[in-house]
Number of protein chains: 2
Amino acid sequence: MALDNRKKEVLQAIVDDYVATCEPVGSKALIDRHDFMVSSATLRNDMAELERMGYLEQPHTSAGRIPSDKGYREYVNSLMKVDRLSDAEGKEIKEKLSVSFDEIAELLKAASTALADQTGYISLAMTPKLTSSYLTQLKMLMIEPGKVLVVVVLSAGVVKNRMVRIPDFLTQEQIAQISNAVEQGLSGLPLSEISLITVATAAKDNQKVELPEALLNQVLYEAYTAIKQADNLDVYMQGKHRMLSLPEFSDTKRAQGLFDTLSHDGLVAGYVDEVTKQDEKKEYMIRIGQEITLEGLDDCSFITTTYNVGGKVAGNIGVIGPKRMEYSKVISQINFVRMMLDEKLKQ
Amino acid sequence: MALDNRKKEVLQAIVDDYVATCEPVGSKALIDRHDFMVSSATLRNDMAELERMGYLEQPHTSAGRIPSDKGYREYVNSLMKVDRLSDAEGKEIKEKLSVSFDEIAELLKAASTALADQTGYISLAMTPKLTSSYLTQLKMLMIEPGKVLVVVVLSAGVVKNRMVRIPDFLTQEQIAQISNAVEQGLSGLPLSEISLITVATAAKDNQKVELPEALLNQVLYEAYTAIKQADNLDVYMQGKHRMLSLPEFSDTKRAQGLFDTLSHDGLVAGYVDEVTKQDEKKEYMIRIGQEITLEGLDDCSFITTTYNVGGKVAGNIGVIGPKRMEYSKVISQINFVRMMLDEKLKQ
DNA sequence: GTTTAGCACTCTACCTTTCTGAGTGCTAAA
DNA sequence: TTTAGCACTCAGAAAGGTAGAGTGCTAAAC
């Protein structure tokens with residue numbers, strides 16, 4: 001059975017009010033704050049009906065109603081009006097993102113800060129995913145005999161480096177030649193197709209100097225792990241402890257559960273990935289309360305979207321807030337940040 | 001007026017009990033848990049006296065006593081017995097620190113993790129201070145025309161890199177020559193003595209290629225900022241949200257105040273620096289409650305110590321916990337970690 | 001059929017009161 | 001100087017009482 005128009009309005013009004021106050025909403029309060037052209041008794045009937053249908057719940061008999069996960073879901077799917085960002089706010093975000101950046105990491109940090117400040121919730125920005133990047137450069141720089149800095153540059157503007165050890169009688173020339181050979185053989189190859197074997201083949205096909213097999217393999221192995229390590233997603237998260245001021249987290253147990261999960265970047269990154277796959281075609285992905293399969297986030301909602309680098313789907317940005325979140329506002333804020341990122345990363 | 005022996009014992013016992021239970025300690029409980037050879041009435045008199053002298057306070061008339069900041073101070077200065085770490089625990093820490101590390105950052109991260117896990121409080125590990133390091137290498141690596149990765153290597157094993165932009169018609173050879181010249185001129189120089197002028201002088205003295213002055217200056221400026229940026233202390237902090245499970249932070253307001261301050265790495269680093277200077281000769285530095293001049297840490301205590309690189313004072317590690325901290329245990333843990341670091345960084 | 005007024009009912013939040021017991025300080029004797 | 005004893009204090013738990021926000025249901029009105 002579908003919701004009739006008035007029930008929709010009622011649900012929408014209840015979500016709006018609850019978001020604003022974090023207090024259960026009663027029929028009287030609803031009449032007071034909105035111009036329903038009916039009496040409170042009618043709303044009471046509607047609310048009872050909405051509860052029966054699972055859109056609302058009652059903390060206890062003599063309290064008002066609060067939205068259930070299903071209620072929020074209906075709200076974000078079809079009830080809320082997505083409002084445009086105010087010009088002032090747009091300008092503010094723009095300013096925060098007008099950093100000059102040489103590495104994508106800097107831009108993402110700025111984006112994460114802007115999102116956290118603007119929404120007041122927890123923000124998230126992740127470096128581009130490996131599936132969408134390929135190797136463009138590999139450099140090996142001898143820092144001191146036996147110690148080499150491997151610099152990996154990926155297509156999406158990601159630069160990673162890692163210090164490795166090699167036999168200390170190798171010269172800068174020798175390792176430069178090896179890295180050149182590997183670079184030549186692998187550049188343009190998606191990260192997912194790079195393996196120890198492809199690295200070795202590349203080196204042998206393009207290399208000019210002669211080196212004992214075992215020695216060469218050791219260097220190649222280090223190069224390979226450095227490349228593989230570059231595909232680790234970096235996660236920039238900000239504003240975590242702002243959640244402590246929300247009434248839903250006044251219980252430190254809950255807050256701790258949330259923080260425990262959030263402190264595992266990998267968990268969060270993996271979840272975002274999963275969600276992105278599920279909702280592939282959507283402009284933004286929303287997960288509400290129990291829909292989130294991460295522990296400790298049952299009272300939260302999660303909104304993410306993807307940004308593009310050079311026109312291709314790259315990484316994710318997002319916001320984690322209470323279920324009682326200002327959805328439409330947050331969505332427009334995320335969208336705006338996404339657009340800004342896309343533009344800056346068009347190249 | 002000095003404390004007589006029994007009063008010392010009483011104070012010590014009260015601190016021990018309060019640390020263990022977080023409940024005000026009364027005269028009866030004290031008799032029950034310790035073998036004082038006197039009656040509770042006698043202890044009551046002593047406790048009243050200790051309160052008059054400022055070592056104890058009473059939350060309210062009919063409650064037991066808790067240590068004041070002054071009481072804790074007396075405790076750590078002369079009452080507590082610093083116990084040796086158990087072999088088992090030593091082994092555990094050793095294992096956590098037995099990472100192979102190529103950059104000091106990795107080792108410090110491991111140290112911070114070990115400290116947090118072992119103490120159950122907040123741990124801190126900071127990269128070596130600039131005053132104790134000098135430049136050993138400067139490399140510039142062209143990533144693509146106009147984009148150069150500047151790698152700065154400092155004496156203490158710190159490696160930092162930064163992407164910068166330069167005019168895009170400069171070749172790898174040209175910038176390599178410039179960086180070589182600067183490296184030659186500056187290597188061995190303490191970071192504090194490096195300025196834009198010394199950089200320029202170094203370049204001009206050692207450089208062979210001819211470049212227009214303005215162009216050269218632009219590159220030098222980027223090199224200079226990269227070097228200067230390398231002296232930023234990195235702070236590794238772990239276990240923050242464990243504080244939420246302590247009764248003293250069950251009030252989210254307090255927890256938020258603490259987290260707000262701790263989220264500013266610079267503040268904390270600056271404070272550690274200050275404390276280190278004040279207590280220059282000491283093996284470890286302790287600050288208790290109000291003694292800490294950082295906002296939001298009035299209910300905390302702060303224990304730091306310094307580790308050495310190549311036998312010279314370098315950076316700091318430390319622990320932030322509640323005032324009601326197991327001081328002697330934490331001190332021996334920190335000491336052990338410090339010793340391990342010193343050994344690994346002897347080189 | 002839908003809406004509404006009216007009413008009895010429910011239940012939390014809050015306040016007040018009472019009670020308990022841990023802990024105190026003081027006094028007077030040992 | 002120490003101790004037993006006692007009156008006193010006060011936070012916190014327990015119990016009782018009230019207010020009011022909110023409900024569901026019924027029967028009348030539209």
Side-chain angles (χ1 to χ4, degrees), chain A residues 1-11 13-15 17-18 20-68 71 247-248 250-251, chain B residues 1-11 13-15 17-18 20-68 71 247-248 250-251:
Chain A
M1 167 187 169
L3 295 174
D4 63 42
N5 274 341
R6 198 183 52 226
K7 288 212 184 61
K8 283 184 186 170
E9 276 172 46
V10 171
L11 179 54
I14 289 177
V15 174
D17 281 14
Y18 186 67
T21 64
C22 195
E23 307 258 296
V25 184
S27 56
K28 190 96 179 299
L30 217 48
I31 291 278
D32 288 352
R33 274 190 288 236
H34 304 82
D35 319 323
F36 288 104
M37 307 272 48
V38 294
S39 76
S40 65
T42 311
L43 294 190
R44 271 205 294 288
N45 290 333
D46 286 349
M47 286 159 78
E49 182 68 14
L50 281 168
E51 183 173 355
R52 234 166 290 136
M53 298 167 80
Y55 293 104
L56 296 177
E57 2 190 276
Q58 227 176 348
H60 56 262
T61 340
S62 73
R65 304 303 210 293
I66 62 174
S68 66
E248 33 272 85
S250 66
D251 175 19
Chain B
M1 168 186 167
L3 295 175
D4 63 44
N5 273 339
R6 199 182 53 226
K7 287 210 185 64
K8 282 185 186 169
E9 277 172 46
V10 171
L11 178 54
I14 289 177
V15 173
D17 281 13
Y18 186 66
T21 63
C22 196
E23 306 259 296
V25 184
S27 55
K28 190 97 177 297
L30 217 48
I31 290 278
D32 288 351
R33 274 188 289 233
H34 304 81
D35 319 321
F36 287 104
M37 306 272 48
V38 294
S39 77
S40 64
T42 310
L43 293 191
R44 271 206 293 288
N45 289 332
D46 286 349
M47 286 160 79
E49 183 67 14
L50 282 168
E51 184 173 357
R52 234 165 289 135
M53 297 165 80
Y55 294 105
L56 297 177
E57 10 190 89
Q58 228 176 347
H60 56 262
T61 339
S62 73
R65 304 302 210 295
I66 62 174
S68 66
E248 33 272 85
S250 64
D251 175 18

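In what follows, chains are A, B, ... by sequence order, proteins preceding strands, each numbered from 1.
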Whole-Å distance between [N] [atom2] and [X] [atom1]?
X	N	atom1	atom2	result
A/Leu50	D/dG22	CG	P	17 Å
A/Leu56	D/dG24	CG	P	11 Å
B/Arg33	C/dG23	CZ	P	9 Å
A/Asp4	C/dT3	CG	C1'	13 Å
A/Glu57	D/dG22	CD	P	18 Å
A/Phe36	C/dT4	CZ	C1'	16 Å
A/Glu49	D/dT23	CD	P	15 Å
B/Ile31	C/dT24	CD1	P	11 Å

Table of protein N/O atoms under 3.5 Å from nucleotides 14-22 of chain C N/O atoms:
none

Testing the basics here: between B/Cys22 and B/Pro247, what is the closest heavy-atom pair and its distance to 0.1 Å?
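Here B/Cys22 and B/Pro247 meet closest at SG-CG, 3.7 Å.
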Closest heavy-atom contact between B/Glu57 and B/Ser68?
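Shortest heavy-atom contact: OE1-CB, 3.5 Å.
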Reported [atom1]-to-[atom2] distance for the pair [X] and [Y], which is rounded to 0.5 angstrom:
X	Y	atom1	atom2	result
B/Glu23	B/Ile66	CD	CD1	11.5 Å
B/Leu30	B/Arg65	CG	CZ	11.0 Å
B/Glu49	B/Arg6	CD	CZ	11.0 Å
A/Ser40	A/Asp46	OG	CG	11.5 Å
A/Leu3	A/Glu9	CG	CD	12.0 Å
B/His34	B/Ile14	NE2	CD1	9.5 Å

Of residues 38-48 of chain B, the positions that come close to DNA chain D - non-hydrogen atoms, cut-off under 4.0 Å:
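Residues of residues 38-48 of chain B that come under 4.0 Å of DNA chain D are, in numerical order, B/Val38, B/Ser39, B/Ala41, B/Thr42, B/Arg44, B/Asn45.
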Watson-Crick or G-U wobble partner of C/dT17, both distances under 3.5 Å:
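With both distances under 3.5 Å, C/dT17 matches D/dA14.
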With both distances kept under 3.5 Å, what pairs with C/dT3, Watson-Crick or G-U wobble?
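Paired with D/dA28.
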Please name the residue in the list B/Asn5, B/Leu50, B/Leu56 that meets the side-chain contact (heavy atoms from CB on, under 4.5 Å) test with B/Val10.
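Passing option: B/Leu50.
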Is the phosphate of [N], meaning OP1 or OP2, less than 4.0 Å from a side-chain N or O of [X]?
X	N	value
B/Arg65	C/dG23	no
B/Arg52	C/dG25	no
B/Arg6	D/dT2	yes

Show each protein N/O and nucleotides 12-19 of chain D N/O combination with a separation under 3.5 Å, one pair to a line.
none

Trace of the side-chain contact (heavy atoms from CB on, under 4.5 Å) decision for B/Thr21 with B/Arg33
CA-CA 12 Å; B/Thr21 63; B/Arg33 274 188 289 233; 4.0 Å; yes
Side-chain heavy atoms of A/Phe36 within contact of A/Thr42, under 4.5 Å:
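No - every pair of side-chain heavy atoms lies 4.5 Å or more apart.
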With nearest nucleotide decided by heavy atoms, which residue, A/Gln58 or B/Met37, maps closer to the 5′ end of DNA chain D?
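In this pair, the answer is B/Met37.
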Are any side-chain N or O atoms of A/Ser27 and backbone N or O atoms of A/Leu43, one a donor and one an acceptor, separated by less than 3.5 Å?
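No: the side chain of A/Ser27 does not pair with the backbone of A/Leu43.
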